[in-house]
Amino acid sequence: MIDYHVHTTFSDGANTPQQMIDEAVRLGITELAITDHYDPFDPTLARFGHTPEELARHFEVIRACAQGKPLRVFCGIETSTGPDGRLRVPPRVLNMCQTVITSVHYLEGDILVHRGEYENDAYWHAYKRKLLEQAAGPGDVLGHPEAYLPIGPMLEEGTTFEDRQVICARISEKYFDAPFIDALGDALTSSGKAYELHGATNTPREWVVRRLHARGVHFSIGSDAHGLDRLGCNRRAVALWQELGLYVRTL
């Protein structure tokens with residue numbers, strides 16, 4: 001069993017590296033990638049204020065916790081990019097990482113959005129442009145393209161996690177059509193980056209997986225667990241891997 005997208009208390013996770021690794025062992029996970037958020041340009045991460053030196057110490061803690069355990073543990077990050085798809089973390093950080101997930105957590109610019117107005121054409125066209133640039137750019141995995149969409153500026157008070165999933169699914173249906181998926185597939189095969197099968201939200205849609213697979217795209221399996229309860233929750237991804245014979249990247 002593999003899980004290549006996990007968070008800890010170093011960023012916004014609920015559990016320490018030791019707790020996540022011990023639970024991974026209990027679950028029978030054989031390969032685990034701890035990929036905490038690391039992006040100096042993301043305003044939502046400002047409270048963490050991590051430096052490259054702190055990230056290096058975090059990786060040292062991970063390796064110490066994994067010592068002697070019956071699984072392989074990899075150190076990486078999840079980060080966003082500029083609108084051009086280029087990474088904006090220091091070379092030293094990239095050299096420390098064994099895997100890098102790029103995800104569109106926010107959009108640059110001043111596109112006007114309103115609370116509750118989720119189907120904003122200008123906003124989602126900008127998202128699609130940035131996602132295509134990320135797919136063609138550096139990094140190892142394109143993180144959750146149909147889930148955890150950057151809908152923060154649109155969210156109404158009291159919106160639950162389940163509500164957000166419904167909203168993201170509706171947006172995906174409207175904006176991420178077959179021609180866009182084909183363009184995304186071409187960018188991914190050109191760069192060699194993998195598309196994430198996202199365990200926390202059971203995305204993307206199955207026809208998207210089939211269409212990308214037909215274009216030779218590789219996939220990465222990650223739960224995006226922020227706590228012990230979601231660690232290793234990749235049953236759908238594994239089922240698709242086995243049923244369709246997907247090209248799944250391992251570390």
Side-chain angles (χ1 to χ4, degrees), residues 5 7 11-13 35-50 77-89 100-139 141-188 191 193 195-196 198 200-205 207-208 211-212 222 224 226:
H5 188 164
H7 298 278
S11 59
D12 58 350
T35 53
D36 277 299
H37 296 285
Y38 188 93
D39 181 359
F41 291 87
D42 188 341
T44 65
L45 300 179
R47 67 187 185 278
F48 299 115
H50 292 312
I77 60 171
E78 182 183 11
T79 189
S80 193
T81 70
D84 58 1
R86 296 182 181 179
L87 292 166
R88 300 190 291 189
V89 294
V100 174
I101 300 171
T102 63
S103 306
V104 181
H105 288 135
Y106 53 86
L107 293 178
E108 295 81 0
D110 54 358
I111 301 172
L112 183 63
V113 297
H114 301 284
R115 298 291 178 184
E117 182 191 5
Y118 298 107
E119 296 179 12
N120 182 314
D121 289 353
Y123 191 85
W124 295 114
H125 290 323
Y127 172 84
K128 288 163 68 174
R129 287 193 297 271
K130 184 169 182 178
L131 193 65
L132 286 170
E133 294 292 347
Q134 280 195 1
V141 178
L142 188 65
H144 52 70
E146 293 194 1
Y148 296 173
L149 301 177
I151 58 176
M154 307 168 177
L155 284 179
E156 298 172 283
E157 186 175 351
T159 305
T160 66
F161 175 80
E162 291 74 20
D163 293 336
R164 292 196 297 271
Q165 286 188 267
V166 172
I167 293 165
C168 290
R170 190 170 76 232
I171 291 166
S172 297
E173 285 292 336
K174 179 171 182 177
Y175 293 103
F176 311 152
D177 56 11
F180 173 69
I181 297 303
D182 289 344
L184 193 63
D186 291 342
L188 289 166
S191 67
K193 182 177 285 188
Y195 187 112
E196 183 170 62
H198 192 246
T201 59
N202 289 325
T203 57
R205 294 159 289 172
W207 74 261
V208 172
R211 199 170 186 98
L212 292 174
D224 202 353
H226 285 67

How close do [X] and [Y] get, heavy atom to heavy atom, and via which atoms?
{"X": "Val89", "Y": "Pro40", "value": "CG1-CD, 4.2 Å"}
{"X": "Tyr38", "Y": "Thr79", "value": "O-OG1, 2.8 Å"}
{"X": "Ile101", "Y": "Ser103", "value": "CG2-OG, 3.7 Å"}
{"X": "Pro150", "Y": "Val104", "value": "CD-O, 3.8 Å"}
{"X": "Lys130", "Y": "Ser80", "value": "NZ-OG, 3.5 Å"}
{"X": "Glu133", "Y": "Asp84", "value": "OE1-O, 3.4 Å"}

Can you find a pair of side-chain heavy atoms, one from [X] and one from [Y], that are under 4.5 Å apart?
{"X": "Asn120", "Y": "Met154", "result": "yes"}
{"X": "Lys174", "Y": "Asp121", "result": "yes"}
{"X": "Thr35", "Y": "Ile77", "result": "no"}
{"X": "Thr159", "Y": "Ile167", "result": "yes"}
{"X": "Leu155", "Y": "Tyr118", "result": "yes"}
{"X": "Trp124", "Y": "Ile111", "result": "no"}
{"X": "Asp224", "Y": "His7", "result": "yes"}

Handout entry: Carboxylate-amine/guanidinium contact Glu157 Arg115, below 4.0 Å
Key =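 A salt bridge is absent here (no side-chain N lies under 4.0 Å from a carboxylate O).
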
Exercise for the section: May I ask you to say whether Asp39 pairs ionically with Arg88, meaning some side-chain N is under 4.0 Å from a carboxylate O? Expected result: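 Not counted as a salt bridge, because no side-chain N and carboxylate O are separated by less than 4.0 Å.
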
Handout entry: Arg170 atom CZ: more than 12 heavy-atom contacts under 6.0 Å
Key =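 Yes, because the 6.0 Å sphere around CZ of Arg170 holds more than 12 heavy atoms from other groups.
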
Handout entry: Aromatic centroids of Phe176 and Tyr127 separated by under 6.0 Å
Key =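 Aromatic pair counts; centres sit under 6.0 Å.
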
Going from [atom1] on [X] to [atom2] on [Y], what distance comes out if it is rounded to the nearest 0.5 angstrom?
{"X": "Thr160", "Y": "Asp163", "atom1": "OG1", "atom2": "CG", "value": "3.0 Å"}
{"X": "Asp186", "Y": "Ile181", "atom1": "CG", "atom2": "CD1", "value": "11.5 Å"}
{"X": "Leu149", "Y": "Ile171", "atom1": "CG", "atom2": "CD1", "value": "5.5 Å"}
{"X": "Leu184", "Y": "Tyr195", "atom1": "CG", "atom2": "OH", "value": "6.5 Å"}
{"X": "Leu131", "Y": "Glu146", "atom1": "CG", "atom2": "CD", "value": "9.5 Å"}
{"X": "Thr102", "Y": "Arg86", "atom1": "OG1", "atom2": "CZ", "value": "14.5 Å"}

Practice task
State, without any angle test, whether Thr201 and Gln165 hold a side-chain donor-acceptor pair at a distance under 3.5 Å.
Solution key: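 No, Gln165 and Thr201 have no side-chain donor paired with an acceptor closer than 3.5 Å.
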
Exercise for the section: Return yes if some donor-acceptor pair links the side-chain N/O of Lys193 with the main-chain N/O of Ala136 below 3.5 Å, else return no. Expected result: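 Judged by distance alone, no pair lies under 3.5 Å.
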
Exercise for the section: Could you tell me which residues satisfy ring pair (Phe, Tyr, Trp, His ring centres under 6.0 Å) with His144, sequence neighbours excluded, listed by chain and number? Expected result: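 Once residues adjacent in sequence are excluded, the partners of His144 under the ring pair (Phe, Tyr, Trp, His ring centres under 6.0 Å) criterion are His105, Tyr148, His198.
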
Exercise for the section: Can you sort out the partners of Phe41 under ring pair (Phe, Tyr, Trp, His ring centres under 6.0 Å), two or more places apart, ordered by chain and number? Expected result: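 For Phe41 there are no ring pair (Phe, Tyr, Trp, His ring centres under 6.0 Å) partners, ignoring immediate neighbours.
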
Handout entry: Over-ring placement of Lys128 relative to Tyr175, 6.0 Å and 45° cut-offs
Key =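 Here Lys128 fails the 6.0 Å and 45° test against Tyr175.
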
